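Report on the following structure.
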Amino acid sequence: MLFIDKLYETNSLDRNELKELIEANIYTPEDRLFYAARRTRERYYGRSVYFRGLIEFSNYCKNNCYYCGIRRNNKKIHRYRLTKEEILDCCAKGYELGFRTFVLQGGEDPYYTDEMIVDIIESIREKFPDCAITLSIGERPYDSYRRFWDAGADRYLLRHETANEVHYRKLHPSVMTLKSRKECLYNLKEIGFQVGAGFMVGSPYQTIDNLVEDLLFLKELEPHMVGIGPFIPHKDTIFRDEKGGDVDMTLLMLALIRLLLPKALIPSTTALGTVDPLGREKGFAAGANVVMPNLSPQKFRADYSLYDNKICTGLEAAESVEELKQKIEAIGFIPDMSRGDHIGFYLQKRQNSIDIN
Ligand code: 5AD
């Protein structure tokens with residue numbers, strides 16, 4: 001029905017076909033669409049679910065995104081920053097627990113100069129040479145990204161948030177532009193990072209056409225990772241009274257992204273787990289294959305409040321990794337604590353070594 005076979009076979013659809021699929025939004029996990037998404041995920045990654053240790057190292061942010069709880073103008077939150085030593089402690093704890101990917105995420109915090117970030121990356125590289133380092137610290141100039149890459153960072157997460165100019169304007173103050181965001185993503189790719197993009201589902205003013213544009217943009221960018229989750233209002237933002245994103249629509253987007261980008265690494269996000277107690281499991285059933293437990297110091301976890309009621313004490317806590325693994329096994333997936341690189345990365349590396357020899 002409705003282009004699902006075509007999507008499964010060709011991993012692409014045009015604007016109108018995508019729109020029709022989304023407008024229908026009548027799918028259940030037993031449907032062909034989710035079945036096709038799971039089959040597609042298994043083609044490259046089997047039933048593995050990859051683990052990443054998330055270190056939220058600063059909730060200071062110079063940006064004022066209308067949806068985000070750590071926006072600059074929110075005077076109500078307690079701000080914190082981790083020192084290099086504290087970040088290394090988080091990595092050490094994570095390493096003990098078995099993590100081999102560390103995601104350093106923060107607001108856009110100019111306190112951390114390029115030199116400091118480079119120093120942090122080099123220290124992690126030296127102490128944990130077998131681990132992947134992922135950065136998620138927003139927009140920086142090309143040269144900064146290159147320095148982070150040269151220092152040993154492997155991956156970079158930067159959600160595009162929405163691929164439509166008009167919609168982007170409704171979510172961000174005018175000093176932020178979609179053009180600059182896209183430029184960053186293309187720069188990161190060119191440098192060699194495994195790159196992650198993504199967006200919120202059900203953010204204020206989002207239309208179905210916007211979602212179609214998001215999917216088409218992802219197809220064009222071909223990121224290695226895609227992070228999506230439902231929009232959830234935050235009480236200290238101007239979107240406090242807006243409606244939150246829909247779980248079923250988020251699952252539909254996960255499945256479509258899996259089918260459009262079969263090799264992508266796609267997390268079942270904390271936001272999805274926040275709006276639905278079974279959200280994380282439903283995400284895997286829709287084609288997601290990554291989970292990012294929280295490794296930040298416990299005393300700061302509640303301060304990294306991007307949205308209301310963000311879960312941080314249950315199975316998304318890195319301390320509960322064994323329980324989370326059991327849950328994942330119970331629903332038929334295989335927890336995988338290895339670096340879990342994008343499949344194309346290995347091919348690229350092999351290609352490089354052939355070139356060298
Ligand atoms: N609801 C859901 N997701 C949010 N993010 C920020 N604020 C919210 C919110 N209110 C997401 C953004 C950002 C990521 C770190 O968190 O997409 O890129």
Side-chain angles (χ1 to χ4, degrees), residues 52 54-74 76-77 103-109 134-140 155-164 167-168 170-173 176 178 180-182 184-185 188 195-206 210-211 214 217-218 221 223 225-247 249-250 253-254 257 266-276 279-280 283 290 292 294 296 301-312 316:
R52 323 295 197 198
L54 179 64
I55 304 170
E56 296 161 333
F57 69 95
S58 167
N59 69 351
Y60 282 81
C61 192
K62 70 174 161 77
N63 292 332
N64 236 336
C65 309
Y66 302 144
Y67 46 84
C68 184
I70 66 169
R71 62 201 304 267
R72 181 182 71 232
N73 281 7
N74 182 7
K76 292 199 179 151
I77 62 167
V103 181
L104 270 54
Q105 185 167 87
E108 287 200 17
D109 183 359
T134 304
L135 297 177
S136 178
I137 56 173
E139 298 185 21
R140 296 222 180 188
R155 309 181 189 143
Y156 205 105
L157 307 178
L158 181 69
R159 289 190 181 180
H160 64 281
E161 311 297 359
T162 172
N164 177 274
H167 188 218
Y168 197 91
K170 294 184 175 168
L171 301 181
H172 306 94
M176 295 176 72
L178 178 59
S180 142
R181 178 73 42 150
K182 286 186 172 176
C184 287
L185 285 163
L188 289 160
V195 172
F199 58 92
M200 291 174 288
V201 177
S203 58
Y205 311 108
Q206 185 179 62
N210 295 155
L211 290 170
D214 284 321
F217 170 67
L218 289 173
L221 174 70
M225 302 165 282
V226 182
I228 68 159
F231 161 73
I232 306 172
H234 185 288
K235 60 183 185 340
D236 301 318
T237 64
I238 60 171
F239 288 158
R240 68 178 65 88
D241 295 323
E242 298 289 335
K243 211 168 122 277
D246 179 71
V247 174
M249 184 58 93
T250 307
M253 288 298 129
L254 281 173
I257 292 165
I266 304 176
S268 192
T269 54
T270 307
L272 189 53
T274 297
V275 293
D276 183 331
R280 194 176 20 229
V290 170
M292 297 168 66
N294 197 319
S296 315
R301 279 183 202 172
D303 295 326
Y304 204 83
S305 53
L306 303 175
Y307 43 81
D308 287 342
N309 307 315
K310 179 165 165 264
I311 46 176
C312 62
E316 61 294 326

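Predicted model only: the values in this text are computed from it and were never measured. As the structure lists them, so they are numbered: ligands from 1, and atoms in each ligand from 1.
- Arg140 pairs by the side-chain contact (heavy atoms from CB on, under 4.5 Å) definition with Tyr112, Asp114, Ile117, Ile137, Ser144, Tyr145, Phe148, not counting sequence neighbours.
- With 3.5 Å as the limit, one finds no donor-acceptor pair spanning the side chains of Gln206 and Thr162.
- For Lys76, the salt bridge (Lys or Arg N to Asp or Glu O under 4.0 Å) partners are Asp236, not counting sequence neighbours.
- The CG atom of Leu306 sits 5.0 Å away from the SG atom of Cys68 when rounded to the nearest 0.5 Å.
- Scanning for salt bridge (Lys or Arg N to Asp or Glu O under 4.0 Å) contacts around Lys62 gives Glu108, with sequence neighbours left out.
- Pocket lining of ligand 1, defined as residues with a non-hydrogen atom under 4.0 Å away: Tyr67, Cys68, Arg159, Glu161, Met200, Pro230, Phe231, Ile232, Leu306, Tyr307.
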>> As a quick check of understanding, evaluate side-chain contact (heavy atoms from CB on, under 4.5 Å) for Val201 and Asp246, giving each step before the final call.
In response: CA-CA 7 Å; Val201 177; Asp246 179 71; 5.8 Å; no
